[in-house]
Amino acid sequence: MTTVLITGGAGFIGSAIVDAALEKGWRVRVIDSLRPDVHGGDYRADPRVEFITADVRDPDALAVALFGVDVVCHQAAKVGLGVSFEDAPDYVASNDLGTAVLLAAMARSDVERLVAASSMVVYGEGNYRDSSGRSRRPAARRVEDLDAGHFDPLDSDGRPLQPELITEDAPLDPRNVYAASKLAQEYLAAAWARSTGGRAIALRYHNVYGPGMPQNTPYAGVASLFRSALERGEAPRVFEDGAQRRDFVHVRDVASANLSAIESLAGPGEAFRAFNVGSGIVHTIGDLAHALSRNTGGPGPVITGEYRLGDVRHITASSERLKSELGWSPLVSFDAGMAEFASAPLRAAVT
Ligand SMILES: NC(=O)c1ccc[n+]([C@@H]2O[C@H](COP(=O)([O-])OP(=O)(O)OC[C@H]3O[C@@H](n4cnc5c(N)ncnc54)[C@H](O)[C@@H]3O)[C@@H](O)[C@H]2O)c1
(Lines give C-alpha, C1' and ligand atoms only; values in the text may rest on other atoms or scores of the structure.)
Protein backbone atom coordinates (compact mmCIF):
# COMPACT_ATOMS: atom_id res chain seq x y z
CA MET A 1 0.00 0.00 0.00
CA THR A 2 1.31 3.48 -0.87
CA THR A 3 2.01 5.74 2.11
CA VAL A 4 1.94 9.39 1.16
CA LEU A 5 2.89 12.44 3.22
CA ILE A 6 0.88 15.45 2.11
CA THR A 7 2.30 18.76 3.30
CA GLY A 8 -0.35 21.47 3.52
CA GLY A 9 -2.96 18.71 3.54
CA ALA A 10 -5.40 20.89 5.48
CA GLY A 11 -5.47 23.47 2.70
CA PHE A 12 -7.81 23.94 -0.23
CA ILE A 13 -5.94 21.72 -2.71
CA GLY A 14 -4.23 19.50 -0.12
CA SER A 15 -7.64 18.47 1.31
CA ALA A 16 -8.82 17.38 -2.13
CA ILE A 17 -5.63 15.33 -2.56
CA VAL A 18 -6.19 13.76 0.87
CA ASP A 19 -9.73 12.74 -0.16
CA ALA A 20 -8.54 11.31 -3.48
CA ALA A 21 -5.67 9.38 -1.84
CA LEU A 22 -7.99 7.94 0.83
CA GLU A 23 -10.40 6.92 -1.91
CA LYS A 24 -7.55 4.96 -3.52
CA GLY A 25 -7.01 3.12 -0.23
CA TRP A 26 -3.63 4.77 0.40
CA ARG A 27 -2.27 5.47 3.85
CA VAL A 28 -2.30 9.23 4.29
CA ARG A 29 -0.24 11.36 6.64
CA VAL A 30 -0.48 15.14 6.69
CA ILE A 31 1.84 17.80 8.03
CA ASP A 32 0.27 21.24 8.19
CA SER A 33 1.00 24.21 10.45
CA LEU A 34 -2.63 25.38 10.23
CA ARG A 35 -1.48 28.92 9.47
CA PRO A 36 -3.73 31.32 11.37
CA ASP A 37 -4.09 33.58 8.31
CA VAL A 38 -5.42 30.57 6.37
CA HIS A 39 -7.54 28.65 8.86
CA GLY A 40 -10.18 30.76 10.54
CA GLY A 41 -12.26 28.19 12.31
CA ASP A 42 -11.53 24.87 13.94
CA TYR A 43 -9.94 22.41 11.56
CA ARG A 44 -11.01 18.78 11.80
CA ALA A 45 -9.00 16.21 9.90
CA ASP A 46 -10.56 13.06 8.48
CA PRO A 47 -10.09 10.40 11.22
CA ARG A 48 -8.39 8.11 8.67
CA VAL A 49 -5.56 10.65 8.31
CA GLU A 50 -2.49 10.71 10.57
CA PHE A 51 -2.40 14.46 11.15
CA ILE A 52 0.70 16.24 12.42
CA THR A 53 0.26 19.89 13.28
CA ALA A 54 3.70 21.30 12.54
CA ASP A 55 5.61 23.54 10.19
CA VAL A 56 7.63 22.03 7.36
CA ARG A 57 10.53 24.10 8.63
CA ASP A 58 10.64 21.90 11.75
CA PRO A 59 13.17 19.10 11.07
CA ASP A 60 12.19 17.11 14.19
CA ALA A 61 8.53 17.04 13.17
CA LEU A 62 9.57 16.07 9.64
CA ALA A 63 11.66 13.15 10.87
CA VAL A 64 8.51 11.72 12.49
CA ALA A 65 6.29 12.66 9.56
CA LEU A 66 8.57 10.99 6.98
CA PHE A 67 8.88 7.68 8.81
CA GLY A 68 7.70 4.84 6.52
CA VAL A 69 6.65 7.24 3.76
CA ASP A 70 6.95 6.24 0.06
CA VAL A 71 6.29 9.61 -1.50
CA VAL A 72 5.86 13.25 -0.47
CA CYS A 73 3.21 15.45 -2.02
CA HIS A 74 4.29 19.00 -1.14
CA GLN A 75 1.43 21.49 -1.13
CA ALA A 76 2.33 23.64 1.91
CA ALA A 77 3.02 27.21 0.90
CA LYS A 78 2.07 30.80 1.48
CA VAL A 79 -0.09 31.48 -1.56
CA GLY A 80 -1.41 34.43 -3.55
CA LEU A 81 -0.10 37.72 -4.80
CA GLY A 82 0.50 39.15 -1.33
CA VAL A 83 -0.51 42.46 0.13
CA SER A 84 2.75 44.35 -0.18
CA PHE A 85 6.44 43.77 -0.74
CA GLU A 86 6.80 43.48 3.02
CA ASP A 87 5.35 39.97 2.64
CA ALA A 88 8.55 38.90 0.84
CA PRO A 89 10.36 37.37 3.84
CA ASP A 90 7.29 35.29 4.76
CA TYR A 91 6.96 33.98 1.17
CA VAL A 92 10.61 33.03 0.99
CA ALA A 93 10.65 31.53 4.49
CA SER A 94 7.46 29.51 4.05
CA ASN A 95 8.00 28.40 0.50
CA ASP A 96 11.72 28.21 -0.12
CA LEU A 97 13.25 27.65 3.30
CA GLY A 98 10.27 25.30 3.96
CA THR A 99 11.03 23.30 0.81
CA ALA A 100 14.76 23.20 1.56
CA VAL A 101 14.18 21.88 5.10
CA LEU A 102 11.71 19.31 3.77
CA LEU A 103 14.11 18.12 1.06
CA ALA A 104 17.00 17.88 3.53
CA ALA A 105 14.81 15.76 5.81
CA MET A 106 13.82 13.58 2.85
CA ALA A 107 17.50 13.11 1.99
CA ARG A 108 18.14 11.98 5.59
CA SER A 109 15.14 9.63 5.56
CA ASP A 110 15.83 8.12 2.13
CA VAL A 111 12.42 9.16 0.77
CA GLU A 112 13.13 9.36 -2.94
CA ARG A 113 9.92 10.60 -4.56
CA LEU A 114 8.42 14.07 -4.55
CA VAL A 115 5.45 15.73 -6.21
CA ALA A 116 5.48 19.48 -5.60
CA ALA A 117 2.81 22.09 -6.23
CA SER A 118 4.07 24.79 -8.55
CA SER A 119 2.13 27.43 -10.43
CA MET A 120 1.49 29.00 -13.79
CA VAL A 121 2.94 32.19 -12.26
CA VAL A 122 6.43 30.89 -13.08
CA TYR A 123 5.76 31.88 -16.73
CA GLY A 124 4.90 35.53 -16.08
CA GLU A 125 3.01 36.83 -19.12
CA GLY A 126 2.00 33.98 -21.39
CA ASN A 127 3.11 33.32 -24.96
CA TYR A 128 1.98 35.64 -27.73
CA ARG A 129 2.32 35.99 -31.53
CA ASP A 130 2.75 39.25 -33.33
CA SER A 131 0.98 40.15 -36.56
CA SER A 132 3.72 38.49 -38.62
CA GLY A 133 3.30 35.21 -36.69
CA ARG A 134 6.50 35.52 -34.64
CA SER A 135 6.50 34.25 -31.05
CA ARG A 136 6.75 37.07 -28.49
CA ARG A 137 7.19 37.36 -24.72
CA PRO A 138 6.10 40.88 -23.92
CA ALA A 139 7.64 43.02 -21.22
CA ALA A 140 5.60 44.02 -18.17
CA ARG A 141 2.69 46.27 -19.10
CA ARG A 142 3.26 50.00 -18.72
CA VAL A 143 1.24 52.09 -16.28
CA GLU A 144 0.52 54.65 -19.06
CA ASP A 145 -1.02 51.95 -21.25
CA LEU A 146 -3.07 50.48 -18.42
CA ASP A 147 -4.29 53.94 -17.37
CA ALA A 148 -5.38 54.52 -20.96
CA GLY A 149 -7.34 51.21 -20.93
CA HIS A 150 -4.88 49.47 -23.28
CA PHE A 151 -4.73 46.22 -21.37
CA ASP A 152 -3.37 43.86 -24.04
CA PRO A 153 0.41 43.71 -24.45
CA LEU A 154 1.36 45.49 -27.67
CA ASP A 155 3.90 44.79 -30.40
CA SER A 156 6.47 47.40 -31.44
CA ASP A 157 3.93 48.95 -33.82
CA GLY A 158 1.39 49.34 -31.01
CA ARG A 159 -0.83 46.47 -32.19
CA PRO A 160 -2.20 43.95 -29.64
CA LEU A 161 -0.29 40.66 -29.53
CA GLN A 162 -2.31 37.45 -29.92
CA PRO A 163 -2.18 35.17 -26.85
CA GLU A 164 -1.56 31.43 -27.19
CA LEU A 165 -1.30 28.35 -24.97
CA ILE A 166 1.89 28.04 -22.98
CA THR A 167 3.90 24.82 -22.83
CA GLU A 168 6.34 23.68 -20.16
CA ASP A 169 9.36 24.56 -22.29
CA ALA A 170 8.43 28.25 -22.42
CA PRO A 171 10.90 30.64 -20.79
CA LEU A 172 10.32 31.15 -17.08
CA ASP A 173 9.73 34.70 -15.98
CA PRO A 174 8.40 35.04 -12.42
CA ARG A 175 7.20 38.61 -11.91
CA ASN A 176 6.33 38.86 -8.24
CA VAL A 177 7.66 37.52 -4.95
CA TYR A 178 5.20 34.62 -4.80
CA ALA A 179 6.11 33.61 -8.36
CA ALA A 180 9.83 33.82 -7.58
CA SER A 181 9.32 31.67 -4.48
CA LYS A 182 7.39 29.02 -6.49
CA LEU A 183 10.10 28.84 -9.13
CA ALA A 184 12.79 28.57 -6.44
CA GLN A 185 10.86 25.58 -5.04
CA GLU A 186 11.14 23.90 -8.46
CA TYR A 187 14.86 24.59 -8.66
CA LEU A 188 15.37 23.22 -5.15
CA ALA A 189 13.40 20.06 -6.02
CA ALA A 190 15.49 19.56 -9.18
CA ALA A 191 18.72 20.07 -7.23
CA TRP A 192 17.58 17.59 -4.55
CA ALA A 193 16.70 14.99 -7.21
CA ARG A 194 20.06 15.36 -8.93
CA SER A 195 22.12 15.15 -5.78
CA THR A 196 20.22 12.32 -4.04
CA GLY A 197 19.16 10.16 -7.00
CA GLY A 198 15.52 10.92 -6.15
CA ARG A 199 12.79 11.91 -8.61
CA ALA A 200 10.62 15.00 -8.52
CA ILE A 201 7.63 16.26 -10.45
CA ALA A 202 6.48 19.88 -10.32
CA LEU A 203 2.83 20.46 -11.17
CA ARG A 204 2.20 23.98 -12.44
CA TYR A 205 -1.42 24.55 -11.50
CA HIS A 206 -3.46 27.10 -13.37
CA ASN A 207 -6.46 28.80 -11.73
CA VAL A 208 -7.81 26.22 -9.33
CA TYR A 209 -11.39 26.53 -8.09
CA GLY A 210 -13.93 24.34 -6.36
CA PRO A 211 -15.43 23.46 -2.98
CA GLY A 212 -13.37 24.50 0.03
CA MET A 213 -11.80 27.51 -1.66
CA PRO A 214 -10.81 30.26 0.78
CA GLN A 215 -13.31 33.10 0.77
CA ASN A 216 -12.03 36.29 2.28
CA THR A 217 -8.27 36.56 2.30
CA PRO A 218 -6.21 38.93 0.14
CA TYR A 219 -4.72 35.72 -1.27
CA ALA A 220 -8.04 34.23 -2.41
CA GLY A 221 -8.49 33.39 -6.08
CA VAL A 222 -10.77 35.42 -8.31
CA ALA A 223 -13.47 32.71 -8.46
CA SER A 224 -13.91 32.85 -4.72
CA LEU A 225 -13.87 36.66 -4.63
CA PHE A 226 -16.73 36.72 -7.16
CA ARG A 227 -18.60 33.97 -5.29
CA SER A 228 -18.24 35.84 -1.98
CA ALA A 229 -19.46 39.11 -3.56
CA LEU A 230 -22.52 37.35 -4.97
CA GLU A 231 -23.22 35.79 -1.58
CA ARG A 232 -23.33 39.33 -0.11
CA GLY A 233 -25.83 40.25 -2.83
CA GLU A 234 -23.21 42.36 -4.65
CA ALA A 235 -22.16 42.25 -8.30
CA PRO A 236 -18.78 40.66 -9.04
CA ARG A 237 -16.35 43.50 -9.81
CA VAL A 238 -14.25 42.57 -12.82
CA PHE A 239 -10.90 44.34 -13.29
CA GLU A 240 -9.59 45.60 -16.65
CA ASP A 241 -12.13 44.82 -19.40
CA GLY A 242 -12.89 41.26 -18.32
CA ALA A 243 -11.17 39.76 -21.38
CA GLN A 244 -8.20 38.39 -19.42
CA ARG A 245 -7.76 34.77 -20.53
CA ARG A 246 -7.30 32.08 -17.94
CA ASP A 247 -7.58 28.33 -17.54
CA PHE A 248 -9.91 27.42 -14.67
CA VAL A 249 -9.25 23.90 -13.46
CA HIS A 250 -11.37 22.10 -10.88
CA VAL A 251 -9.75 21.13 -7.58
CA ARG A 252 -10.75 17.46 -7.99
CA ASP A 253 -8.95 17.40 -11.35
CA VAL A 254 -5.88 18.93 -9.69
CA ALA A 255 -6.07 16.22 -7.03
CA SER A 256 -6.25 13.49 -9.68
CA ALA A 257 -3.24 15.07 -11.44
CA ASN A 258 -1.30 14.72 -8.17
CA LEU A 259 -2.28 11.07 -7.89
CA SER A 260 -1.24 10.42 -11.51
CA ALA A 261 2.10 12.10 -10.83
CA ILE A 262 2.64 10.09 -7.62
CA GLU A 263 1.86 6.83 -9.41
CA SER A 264 4.17 7.68 -12.30
CA LEU A 265 7.10 8.12 -9.91
CA ALA A 266 7.02 4.41 -9.13
CA GLY A 267 8.34 3.75 -12.67
CA PRO A 268 11.44 4.99 -14.47
CA GLY A 269 11.73 8.59 -15.62
CA GLU A 270 13.68 11.81 -15.54
CA ALA A 271 15.06 13.16 -12.27
CA PHE A 272 12.88 16.27 -12.61
CA ARG A 273 9.94 17.04 -14.86
CA ALA A 274 7.40 19.86 -14.85
CA PHE A 275 3.80 19.59 -16.03
CA ASN A 276 1.08 22.17 -16.57
CA VAL A 277 -2.21 21.34 -14.88
CA GLY A 278 -5.09 23.08 -16.61
CA SER A 279 -8.39 22.17 -18.16
CA GLY A 280 -6.96 23.05 -21.59
CA ILE A 281 -10.02 25.24 -22.26
CA VAL A 282 -9.63 29.00 -22.38
CA HIS A 283 -12.13 31.21 -20.55
CA THR A 284 -12.02 34.87 -19.66
CA ILE A 285 -12.40 36.41 -16.21
CA GLY A 286 -15.59 37.94 -17.62
CA ASP A 287 -16.87 34.43 -18.53
CA LEU A 288 -16.21 33.35 -14.97
CA ALA A 289 -18.11 36.31 -13.48
CA HIS A 290 -21.07 35.76 -15.81
CA ALA A 291 -21.18 32.01 -15.08
CA LEU A 292 -21.23 32.61 -11.34
CA SER A 293 -23.84 35.39 -11.56
CA ARG A 294 -26.05 33.14 -13.67
CA ASN A 295 -25.66 30.11 -11.43
CA THR A 296 -26.29 32.02 -8.20
CA GLY A 297 -29.14 34.09 -9.70
CA GLY A 298 -27.26 37.20 -8.50
CA PRO A 299 -26.53 40.58 -10.13
CA GLY A 300 -24.51 40.61 -13.35
CA PRO A 301 -20.82 41.55 -13.28
CA VAL A 302 -19.56 45.14 -13.28
CA ILE A 303 -16.51 45.79 -15.45
CA THR A 304 -14.48 48.33 -13.47
CA GLY A 305 -11.45 49.06 -15.67
CA GLU A 306 -9.29 48.94 -12.52
CA TYR A 307 -6.03 46.99 -12.66
CA ARG A 308 -3.37 45.53 -10.40
CA LEU A 309 0.17 46.06 -11.62
CA GLY A 310 1.37 42.55 -10.72
CA ASP A 311 -1.37 40.83 -12.74
CA VAL A 312 -0.57 39.22 -16.05
CA ARG A 313 -2.97 39.85 -18.91
CA HIS A 314 -3.42 36.37 -20.36
CA ILE A 315 -2.04 33.05 -19.22
CA THR A 316 -3.41 29.77 -20.49
CA ALA A 317 -1.84 26.37 -20.53
CA SER A 318 -1.41 23.44 -22.75
CA SER A 319 -1.78 20.38 -20.51
CA GLU A 320 -0.94 17.94 -23.31
CA ARG A 321 2.26 16.78 -21.63
CA LEU A 322 0.35 15.68 -18.53
CA LYS A 323 -2.24 13.93 -20.66
CA SER A 324 0.16 12.15 -22.98
CA GLU A 325 2.91 11.23 -20.51
CA LEU A 326 0.89 10.50 -17.37
CA GLY A 327 -2.46 9.54 -18.87
CA TRP A 328 -4.32 12.22 -16.88
CA SER A 329 -7.44 13.94 -18.10
CA PRO A 330 -9.69 16.49 -16.43
CA LEU A 331 -13.24 15.30 -15.77
CA VAL A 332 -15.05 18.44 -14.58
CA SER A 333 -16.29 20.74 -17.35
CA PHE A 334 -16.39 24.53 -16.84
CA ASP A 335 -20.21 24.55 -16.88
CA ALA A 336 -20.61 21.66 -14.42
CA GLY A 337 -17.83 23.01 -12.18
CA MET A 338 -19.31 26.51 -12.04
CA ALA A 339 -22.82 25.16 -11.36
CA GLU A 340 -21.41 23.21 -8.39
CA PHE A 341 -19.14 26.03 -7.23
CA ALA A 342 -22.00 28.54 -7.13
CA SER A 343 -23.39 26.86 -4.01
CA ALA A 344 -20.41 24.80 -2.80
CA PRO A 345 -19.16 25.39 0.75
CA LEU A 346 -16.16 27.70 0.95
CA ARG A 347 -13.49 27.56 3.63
CA ALA A 348 -14.39 29.24 6.93
CA ALA A 349 -13.61 32.93 6.99
CA VAL A 350 -10.49 34.17 8.76
CA THR A 351 -11.56 36.78 11.29
N1 LIG B 1 -5.09 27.79 -5.37
C2 LIG B 1 -4.54 27.95 -6.57
O3 LIG B 1 -5.21 28.38 -7.54
C4 LIG B 1 -3.09 27.56 -6.81
C5 LIG B 1 -2.56 27.81 -8.06
C6 LIG B 1 -1.24 27.47 -8.30
C7 LIG B 1 -0.48 26.87 -7.31
N8 LIG B 1 -1.01 26.65 -6.09
C9 LIG B 1 -0.15 25.99 -5.08
O10 LIG B 1 -0.87 24.90 -4.53
C11 LIG B 1 -0.48 24.67 -3.17
C12 LIG B 1 -1.71 24.61 -2.29
O13 LIG B 1 -2.39 25.87 -2.38
P14 LIG B 1 -3.83 26.09 -1.74
O15 LIG B 1 -4.58 26.96 -2.66
O16 LIG B 1 -4.41 24.80 -1.31
O17 LIG B 1 -3.42 26.96 -0.47
P18 LIG B 1 -3.99 26.91 1.03
O19 LIG B 1 -3.51 28.17 1.69
O20 LIG B 1 -5.43 26.60 1.04
O21 LIG B 1 -3.24 25.66 1.64
C22 LIG B 1 -1.89 25.70 2.04
C23 LIG B 1 -1.79 24.88 3.32
O24 LIG B 1 -0.41 24.83 3.69
C25 LIG B 1 -0.29 25.10 5.08
N26 LIG B 1 1.04 25.69 5.25
C27 LIG B 1 1.50 26.86 4.73
N28 LIG B 1 2.78 27.04 5.07
C29 LIG B 1 3.14 25.95 5.80
C30 LIG B 1 4.36 25.53 6.41
N31 LIG B 1 5.46 26.29 6.35
N32 LIG B 1 4.38 24.35 7.08
C33 LIG B 1 3.27 23.57 7.14
N34 LIG B 1 2.09 23.91 6.57
C35 LIG B 1 2.04 25.09 5.92
C36 LIG B 1 -1.43 26.05 5.41
O37 LIG B 1 -1.78 25.99 6.80
C38 LIG B 1 -2.53 25.50 4.50
O39 LIG B 1 -3.31 24.52 5.16
C40 LIG B 1 0.49 25.80 -2.83
O41 LIG B 1 1.81 25.29 -2.96
C42 LIG B 1 0.22 26.85 -3.89
O43 LIG B 1 1.37 27.65 -4.13
C44 LIG B 1 -2.29 26.99 -5.80
Side-chain angles (χ1 to χ4, degrees), residues 5-19 29-41 43 45 49 51-59 61-62 65 72-82 90-102 105 114-123 174 176-186 189 202-225 246-251 253-255 257-258 274-279 288 315 317 341 346-348 350:
L5 174 67
I6 304 175
T7 74
F12 165 47
I13 296 168
S15 303
I17 301 171
V18 167
D19 291 347
R29 197 174 292 153
V30 164
I31 182 166
D32 194 303
S33 60
L34 298 177
R35 278 184 71 113
D37 59 349
V38 171
H39 296 278
Y43 175 77
V49 171
F51 196 93
I52 298 170
T53 307
D55 199 291
V56 293
R57 287 165 287 182
D58 176 347
L62 280 172
V72 173
C73 183
H74 182 33
Q75 306 296 315
K78 177 178 169 73
V79 306
L81 195 56
D90 194 15
Y91 276 107
V92 173
S94 301
N95 301 357
D96 301 332
L97 178 59
T99 299
V101 175
L102 170 67
L114 173 77
V115 173
S118 186
S119 171
M120 63 175 184
V121 294
V122 298
Y123 298 117
N176 56 52
V177 171
Y178 169 63
S181 77
K182 294 307 289 181
L183 185 53
Q185 285 185 307
E186 288 197 19
L203 295 177
R204 295 177 181 158
Y205 308 157
H206 282 247
N207 286 67
V208 188
Y209 74 97
M213 226 180 153
Q215 53 184 305
N216 74 335
T217 78
Y219 315 103
V222 63
S224 123
L225 295 176
R246 294 289 185 274
D247 185 323
F248 297 101
V249 59
H250 195 276
V251 70
D253 286 330
V254 174
N258 274 274
F275 294 89
N276 289 334
V277 184
S279 69
L288 170 76
I315 176 77
F341 185 60
L346 298 181
R347 182 160 73 207
V350 179

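Just so it is clear, the model here is predicted, and its values are computed rather than measured. Indexing begins at 1, ligand by ligand and atom by atom, following the structure's order.
- In this structure, M120 has no heavy atom closer than 4.0 Å to ligand 1.
- Of the possible polar contacts, none joining the S181 side chain to the D96 backbone as a donor-acceptor pair under 3.5 Å is found.
- Of the protein's non-hydrogen atoms, the one nearest atom 1 (N) of ligand 1 is I13 CD1, 3.7 Å.
- Under the 3.5 Å distance criterion, the side-chain polar atoms of S33 are left unmatched by any main-chain donor or acceptor of A54.
- In this structure, L203 CG and C73 SG are separated by 7.5 Å, a value rounded to the nearest 0.5 Å.
- Ranking the protein heavy atoms by distance from atom 31 (N) of ligand 1 puts D55 OD1, 3.1 Å first.
- The shell of residues lying under 4.0 angstrom from ligand 1, judged by heavy atoms, includes A10.
- Annotation: atom 34 (N) of ligand 1 to nearest protein heavy atom, S33 N, 3.0 Å.
- In this structure, NZ in K182 is found 8.0 Å from OH in Y205, a value given to the nearest 0.5 Å.
- Remark: distances from the non-hydrogen atoms of A54 to ligand 1 include one below 4.0 Å.
- Here the heavy atom of the protein found nearest to atom 13 (O) of ligand 1 is V79 CG1, 3.7 Å.
- Between G11 and ligand 1, a contact under 3.5 Å exists for at least one N or O pair.
- Only the side chain of K182 comes within 4.0 Å of ligand 1, judged by heavy-atom distances.
- The backbone N or O of Q185 lies less than 3.5 Å from no partner atom in the side chain of T99, so there is not a single donor-acceptor pair.
- Looking from atom 43 (O) of ligand 1 to the surrounding protein, the closest heavy atom is Y178 OH, 2.6 Å.
- Neither the backbone nor the side chain of H74 comes within 4.0 Å of ligand 1, counting heavy atoms alone.
- In the vicinity of L34, heavy-atom distances shorter than 4.0 Å reach the ligand 1 atoms 37 (O).
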Next on the checklist: Between H206 and F248, does the ring-ring contact (aromatic ring centres under 6.0 Å, His included) criterion hold? Intermediate values first, please.
Outcome noted: CA-CA 7 Å; H206 282 247; F248 297 101; over 10 Å; no
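- If you check each of A16, A77, G14, G9 against atom 27 (C) of ligand 1, the one with the closest non-hydrogen atom is A77.
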Next on the checklist: Could you walk me through whether Y91 and N176 satisfy the side-chain hydrogen bond (donor to acceptor under 3.5 Å, both in side chains) test, starting with their C-alpha distance in whole Å, then the side-chain angles of each, then the deciding distance to 0.1 Å, before giving a yes or no?
Outcome noted: CA-CA 11 Å; Y91 276 107; N176 56 52; over 6 Å; no
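- At least one donor-acceptor pair under 3.5 Å links the side chain of D32 to the backbone N or O of A10.
- Every N/O-N/O distance between G8 and ligand 1 stays at or above 3.5 Å.
- Residue contacts with ligand 1 for V38 involve side-chain atoms from C-beta outward but no N, CA, C or O (heavy atoms, distance under 4.0 Å).
- The ligand atoms of ligand 1 that sit less than 4.0 angstrom from a heavy atom of H39 are 37 (O), 38 (C), 39 (O).
- Of the candidates D32, L62, I17, it is D32 that places a heavy atom closest to atom 36 (C) of ligand 1.
- Taken to the nearest 0.5 Å, the CG atom of L102 stands 11.0 Å off from the CG atom of D55.
- The single protein non-hydrogen atom nearest to atom 12 (C) of ligand 1 is Q75 O, 3.4 Å, given as residue, atom name and distance.
- R204 does not count as a contact of ligand 1, since none of its heavy atoms falls under 4.0 Å from the ligand.
- By heavy-atom distance, the residue among V277, V30, V56 lying nearest atom 32 (N) of ligand 1 is V56.
- Using a distance-only test at 3.5 Å, with no hydrogens or angles considered, a donor-acceptor pair links the side chain of N95 to the main chain of K78.
- A distance of 11.5 Å separates OG1 of T53 from CG of D58, quoted to the nearest 0.5 Å.
- The two residues Y178 and V79 make their nearest non-hydrogen contact at CE1-CA, 3.6 Å.
- Of the listed residues (F12, Y43, F248), the one carrying the non-hydrogen atom nearest atom 15 (O) of ligand 1 is F12.
- Scanning the protein heavy atoms around atom 7 (C) of ligand 1, the nearest turns out to be S118 O, 3.1 Å.
- Side-chain polar atoms of S15 and R347 form no donor-acceptor pair below 3.5 angstrom.
- The shortest contact between atom 8 (N) of ligand 1 and any protein heavy atom is with Y205 CD1, 3.5 Å.
- At a heavy-atom distance under 4.0 Å, no atom of V121 approaches ligand 1.
- Atoms of ligand 1 found under 4.0 Å from any heavy atom of H206 (numbered from 1 in listed order, with element): 3 (O), 5 (C).
- Annotation: the span from F51 atom CZ to I6 atom CD1 amounts to 11.0 Å, rounded to 0.5 Å.
- Across T7, V49, L5, I17, a single residue satisfies side-chain contact (heavy atoms from CB on, under 4.5 Å) together with V30, and that is V49.
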